[in-house]
Amino acid sequence: MKVSSMLIKEGVIHDPVTKKKYQADILIEDGQIQEVAPTIDRKGHEVVEAKGLWVLPGLIDMHVHLREPGREDEETVLSGMKAAINGGFVSLVCMANTDPPVDDPSVVDYILAEARKVPGFRLYPVGTITKDRKGSQLSEMYLLRERGVVAFSDDGSPIMDALTMRRAMEYCKPLGIPLILHEEDLNLSEGGQMHEGFYSTLLGLHGIPSLSEEVMVFRDIALAEAIGVPVHIAHLSGAGSVEIVRQAKRRGARVSCEVTVNHLIFCDADLAEYDTNLKVNPPIRSQADRKALIEGLLDGTIDAIVTDHAPHAVQEKELDFDLAPFGAVGLETALGALITYLAEEKGIEFLDLLPALTVNPARVLGLEEPGIESGRRADLTLVDPGRGFRVGEESFLSRSKNSPFLGKELKGTVVETIVAGKRLKMEGVVVL
């Protein structure tokens, strides 16, 4: 038996491009898929029994925060990759709001060096748009691109000055990679703690209006259309923003966008217990906004589903709601949450969600598209859709535990995560 030869037997393959699922065997050799067929002789191969399991192309999360350098107590590149593998993700795109931020080539070099601790895992850094994410002086975009960033973003901070945004778009245009934009008018959101509406009034918390996002989405799409540059709108949260993007796409604008798992599942009524793990930015909005986000995802307006994995220390999230930081972890619960709350409860076909976790993020960022066919790199996620698990702090491989799903029962357990033909999660256990 070849050590580099593996046969995945009788799994139910999910194809995000054709939207078809079928049972087949997958032969992997030297990190690549060699054959996909109804049946392949198991003799001479390491066999992974996959009967009844879903076999997915390796998942991509195009929006995570790994905190290193700067807040290694909350997360490191290595712990973030372990959490990703635990949750079925084989590729991550990490945001630039570290300390120091990713505005210097040396920081890119450091992150990529840390990523090499897990051979084969694909970690893609994002560089800042402006120096120190202050929204004024542009970063050394060309040098950052040369070092390997796949996009530019000041995520966590909007660029309030329209002229600075215009200059960034003009500078970025020949570099061939998108800007990922955090859309928030700080004049409208200042002091806000949650979505502005009935529940913010009921709970006595200062609200953040949907308009604070919408006006910036509109502005930046207008600038992008004038300049002819692709832009990607991060963590879309409101119905109005969805409609602005929908109309822009109909005009042929080069705009894409994403939604977080939390915004697809929760609404502002869920904050009634002042759970700081549901305090995220942009805020969880109304039930009507949630409905519009789901509709936008299913009709193709929204391109990607992300976790916006944002680790925070326990003592920070234990503060009063108005003092606690924004953000929640999500890498290890995303798949189960989508299967439980959208596929199971809402009756949404999981195949309709899968492109937003695989091929669409790759297309937005110009990365190699995942797939299950001969010649492709063997990046695969095997899931037992009927097997449940309880979310507890002890189950996380992330250094932080600030999850809104703590104590909840989710369906859809990741059994195997295969990266470049290597079983990095094997029979439910990460084996790094």
Side-chain angles (χ1 to χ4, degrees), residues 60-85 89-159 164-165 167-182 229-232 234 258 304 306-311 331 361-362 364-368 398-399 419-420:
I60 301 171
D61 189 345
M62 66 174 292
H63 192 137
V64 302
H65 302 270
L66 298 186
R67 304 302 190 208
E68 187 178 19
R71 287 301 304 267
E72 289 81 1
D73 59 314
E74 296 180 334
E75 198 76 284
T76 64
V77 172
L78 181 59
S79 67
M81 291 189 293
K82 287 180 179 179
I85 292 163
F89 291 91
V90 306
S91 301
L92 297 180
V93 178
C94 55
M95 291 294 125
N97 60 337
T98 50
D99 184 15
V102 190
D103 61 4
D104 186 276
S106 63
V107 184
V108 181
D109 293 343
Y110 175 81
I111 291 170
L112 291 177
E114 289 297 300
R116 286 192 285 272
K117 291 180 179 178
V118 182
F121 191 94
R122 288 174 163 170
L123 182 71
Y124 302 101
V126 172
T128 66
I129 297 173
T130 64
K131 277 286 191 183
D132 206 26
R133 298 173 47 252
K134 290 184 176 178
S136 53
Q137 181 184 353
L138 295 184
S139 64
E140 296 288 351
M141 288 180 161
Y142 178 81
L143 295 179
L144 294 171
R145 175 61 171 139
E146 287 288 294
R147 277 300 206 280
V149 305
V150 297
F152 298 104
S153 180
D154 278 6
D155 185 54
S157 300
I159 295 177
T164 299
M165 179 59 78
R167 294 290 182 247
M169 290 181 179
E170 291 169 338
Y171 195 93
C172 188
K173 184 176 180 180
L175 299 181
I177 58 175
L179 297 165
I180 299 176
L181 304 179
H182 176 114
V229 65
V231 292
H232 179 81
E258 67 191 36
V306 302
T307 66
D308 194 6
H309 179 81
L331 283 169
V364 168
L365 295 169
L367 308 176
E368 179 183 348
S398 169
R399 289 194 171 187
V419 177

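Because only heavy atoms are used, hydrogens play no part in the values below, and waters and symmetry mates are left out as well, while side chains stay in. If you read the sequence from its start, that first residue is 1, and numbering goes on from there.
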Visitor: I'd like to check the side-chain hydrogen bond (donor to acceptor under 3.5 Å, both in side chains) partners of R71; sequence neighbours left out, ordered by chain and number.
Guide: D73, E74, E316

Visitor: Would I177 and V150 count as a side chain to side chain contact (heavy atoms under 4.5 Å, CB included) here? Give the steps.
Guide: CA-CA 6 Å; I177 58 175; V150 297; 5.6 Å; no

Visitor: Excluding sequence neighbours, so at least two apart, what forms side-chain hydrogen bond (donor to acceptor under 3.5 Å, both in side chains) with K173?
Guide: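 Listed in chain order: nothing, the list is empty.
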
Visitor: Would you be so kind as to tabulate the donor-acceptor pairs closer than 3.5 Å made by side chains of residues 99-109, with sequence neighbours excluded?
Guide:
from : atom 1 : to   : atom 2 : distance (Å)
D103 : OD2    : D132 : N      : 2.9
D104 : OD1    : S106 : N      : 2.8
D104 : OD1    : S106 : OG     : 2.6
D109 : OD1    : R147 : NE     : 2.9
D109 : OD2    : R147 : NE     : 2.9
D109 : OD2    : R147 : NH2    : 3.4

Visitor: Name all residues meeting the side-chain hydrogen bond (donor to acceptor under 3.5 Å, both in side chains) criterion together with Y110; count only those two or more places apart in sequence or in a different chain, and write none if there are none.
Guide: E68

Visitor: Would you name the heavy atoms of R133 and D155 that are closest together and state the gap between them?
Guide: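 Smallest interatomic distance, heavy atoms only, reads NH2-O, 3.2 Å.
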
Visitor: Not counting sequence neighbours, which residues clear side chain to side chain contact (heavy atoms under 4.5 Å, CB included) with A168? List them please.
Guide: I129, L138, M141

Visitor: Is it the case that atom CD in Q137 sees more than 12 heavy atoms from other parts of the structure closer than 6.0 Å?
Guide: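 Incorrect, the count does not exceed 12.
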
Visitor: Return the minimal non-hydrogen interatomic distance between I180 and A234, and the atom names on each side.
Guide: CG2-CB, 3.9 Å

Visitor: Taking only residues two or more places apart in sequence or in another chain, which ones pass side-chain hydrogen bond (donor to acceptor under 3.5 Å, both in side chains) with N97?
Guide: H65

Visitor: Run the side-chain donor-acceptor check on residues 116-125: report pairs under 3.5 Å with partners two or more places apart or on a different chain.
Guide:
from : atom 1 : to   : atom 2 : distance (Å)
K117 : NZ     : E114 : OE1    : 2.8
K117 : NZ     : E114 : OE2    : 3.4
R122 : NH1    : E368 : OE1    : 3.4
R122 : NH2    : E368 : OE1    : 2.8

Visitor: List for me each residue that meets side chain to side chain contact (heavy atoms under 4.5 Å, CB included) alongside A420, sequence neighbours excluded, and say none if there are none.
Guide: R377, D379

Visitor: Do P311 and H309 come within less than 4.5 Å of each other through their side chains, counting heavy atoms only?
Guide: yes

Visitor: Please identify each residue that fulfils salt bridge (Lys or Arg N to Asp or Glu O under 4.0 Å) with R167, with sequence neighbours left out.
Guide: E170

